[in-house]
Asks: 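This is the structure I have questions about; it appears just below.
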Amino acid sequence: QVQLVESGGGLVQVGGSLRLSCDASGRTFSRTAMGWFRQASGKEREFVAAISWSGGSTYADSVKGRFTISRDNAKNTVYLQMNSLKPEDTAVYYCAARTRDTGVYAVEVRYEYDYWGQGTQVTVSS
């Protein structure tokens, strides 16, 4: 079992920044690939960013150059730094953990993740 708790969401103006955090417990975090996804109202959940246990990362085209995923294995935490925010970034952001392998790959596919957090709302106002 893995428990994931997101924090750091909120209301921000266009062009602003937020940093999301995801605290994980219940498994050796350092061997777990992690991901961030988001779901806007009325839309499907979509990939945002992912990171392997060693720090290799991948991003959705829509956030490249603006968002940065990172992890602190000592704190069992993964972060999503979001800069230059746009109204289209408004969504509930979810943290996900992939436990079916040893976390070697940063995975972009939603169905490849095994555990999910409850989500944190990010609203970007224009």
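Just so it is clear, the values below take in all heavy atoms, side chains as well, and ignore hydrogens, waters and symmetry mates.
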Asks: Can you measure from CZ (Arg45) to OH (Tyr111) and round to the nearest 0.5 angstrom?
Replies: 9.5 Å
Asks: Are Tyr79 and Met34 in one and the same hydrophobic cluster, where Ile, Leu, Val, Met, Phe, Trp and Tyr link if side-chain heavy atoms are under 4.5 Å apart?
Replies: no
Asks: Would you say that Glu112 contacts Tyr105 through its side chain, given a criterion of any heavy-atom pair below 4.5 Å between the two side chains?
Replies: no
Asks: Give the minimum heavy-atom separation between Ala91 and Ala40, together with the two atoms involved.
Replies: CB-N, 3.8 Å
Asks: Ignoring hydrogens, what is the shortest heavy-atom contact between Ala33 and Tyr113? Give both atom names and the distance.
Replies: O-CE2, 4.1 Å
Asks: Please say whether more than 12 non-hydrogen atoms of neighbouring residues, nucleotides or ligands are located less than 6.0 Å from CD in Glu88.
Replies: yes
Asks: When clusters are formed by joining ILVMFWY residues with side-chain heavy atoms under 4.5 Å apart, either directly or through shared neighbours, do Val12 and Val92 land in the same one?
Replies: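 No.
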Asks: Roughly how far, to the nearest 0.5 Å, is SG of Cys95 from CD of Gln118?
Replies: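 Interatomic distance, Gln118 CD to Cys95 SG, rounded to 0.5 Å: 11.5 Å.
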Asks: Answer yes or no: is there a donor N or O on one side and an acceptor on the other, between the side chain of Arg66 and the main chain of Ser84, under 3.5 Å?
Replies: yes
Asks: Got a second to check how far Trp36's CH2 is from Leu20's CG, nearest 0.5 Å?
Replies: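 Here the interatomic distance stands at 4.5 Å.
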Asks: Linking I/L/V/M/F/W/Y whenever their side-chain heavy atoms sit closer than 4.5 Å, directly or via other members, would Leu18 and Tyr94 fall into one cluster?
Replies: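 Leu18 does not cluster with Tyr94.
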Asks: To the nearest 0.5 Å, tell me how far Ser125 OG sits from Leu85 CG.
Replies: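 Between Ser125 OG and Leu85 CG, I get 10.5 Å after rounding to 0.5 Å.
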Asks: Testing Glu6, Arg38, Gln121, Gln39 for side-chain hydrogen bond (donor to acceptor under 3.5 Å, both in side chains) with Tyr93, which one passes?
Replies: Arg38
Asks: Would a 4.5 Å heavy-atom cut-off, applied to side chains only, mark Asn76 and Ser25 as touching?
Replies: no
Asks: When clusters are formed by joining ILVMFWY residues with side-chain heavy atoms under 4.5 Å apart, either directly or through shared neighbours, do Leu4 and Ile51 land in the same one?
Replies: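 Per the 4.5 Å side-chain linkage, Leu4 and Ile51 are co-clustered.
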Asks: Backbone N or O of Val124 within a donor-acceptor pair of the Thr90 side chain at under 3.5 Å?
Replies: yes
Asks: Would you check if the side chain of Tyr59 reaches a backbone N or O of Ile69 as a donor-acceptor pair within less than 3.5 Å?
Replies: yes
Asks: Taking the side chain as every heavy atom from C-beta outward, state whether Trp53 and Val104 have any pair of such atoms under 4.5 Å apart.
Replies: yes
Asks: Please determine whether the number of non-hydrogen atoms from other residues, nucleotides or ligands lying under 6.0 Å from atom OH of Tyr115 exceeds 12.
Replies: yes
Asks: Do Thr32 and Val2 make a side-chain contact, defined as non-hydrogen atoms from C-beta onward lying under 4.5 Å apart?
Replies: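 No, too far: nothing below the 4.5 Å cut-off.
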Asks: Within this structure, what is the OG-CG distance for the pair Ser7 and Asp23, rounded to the nearest 0.5 Å?
Replies: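 Reported to 0.5 Å precision, the distance equals 6.0 Å.
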Asks: If Ile, Leu, Val, Met, Phe, Trp and Tyr residues are connected whenever their side-chain heavy atoms lie under 4.5 Å apart, and connections chain through other members, are Leu80 and Phe37 in the same group?
Replies: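 Result: no, two separate clusters.
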Asks: To the closest 0.5 Å, what do you measure between CZ (Phe67) and OG (Ser57)?
Replies: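 If I round to the nearest 0.5 Å, the distance is 14.0 Å.
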Asks: Do Asp89 and Met82 come within less than 4.5 Å of each other through their side chains, counting heavy atoms only?
Replies: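 With C-beta onward as the side chain, the pair stays apart.
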Asks: Would you say Asp114's side chain and Thr99's backbone share a donor-acceptor pair under 3.5 angstrom?
Replies: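 Yes: the side chain of Asp114 pairs with the backbone of Thr99.
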Asks: What closest approach, in Å, do Asn83 and Ser17 show between heavy atoms, and which atom pair accounts for it?
Replies: OD1-OG, 2.9 Å
Asks: Arg71 side chain to Ser52 main-chain N or O, any donor-acceptor pair under 3.5 Å?
Replies: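 Yes, because the side chain of Arg71 sits within donor-acceptor range (under 3.5 Å) of the backbone of Ser52.
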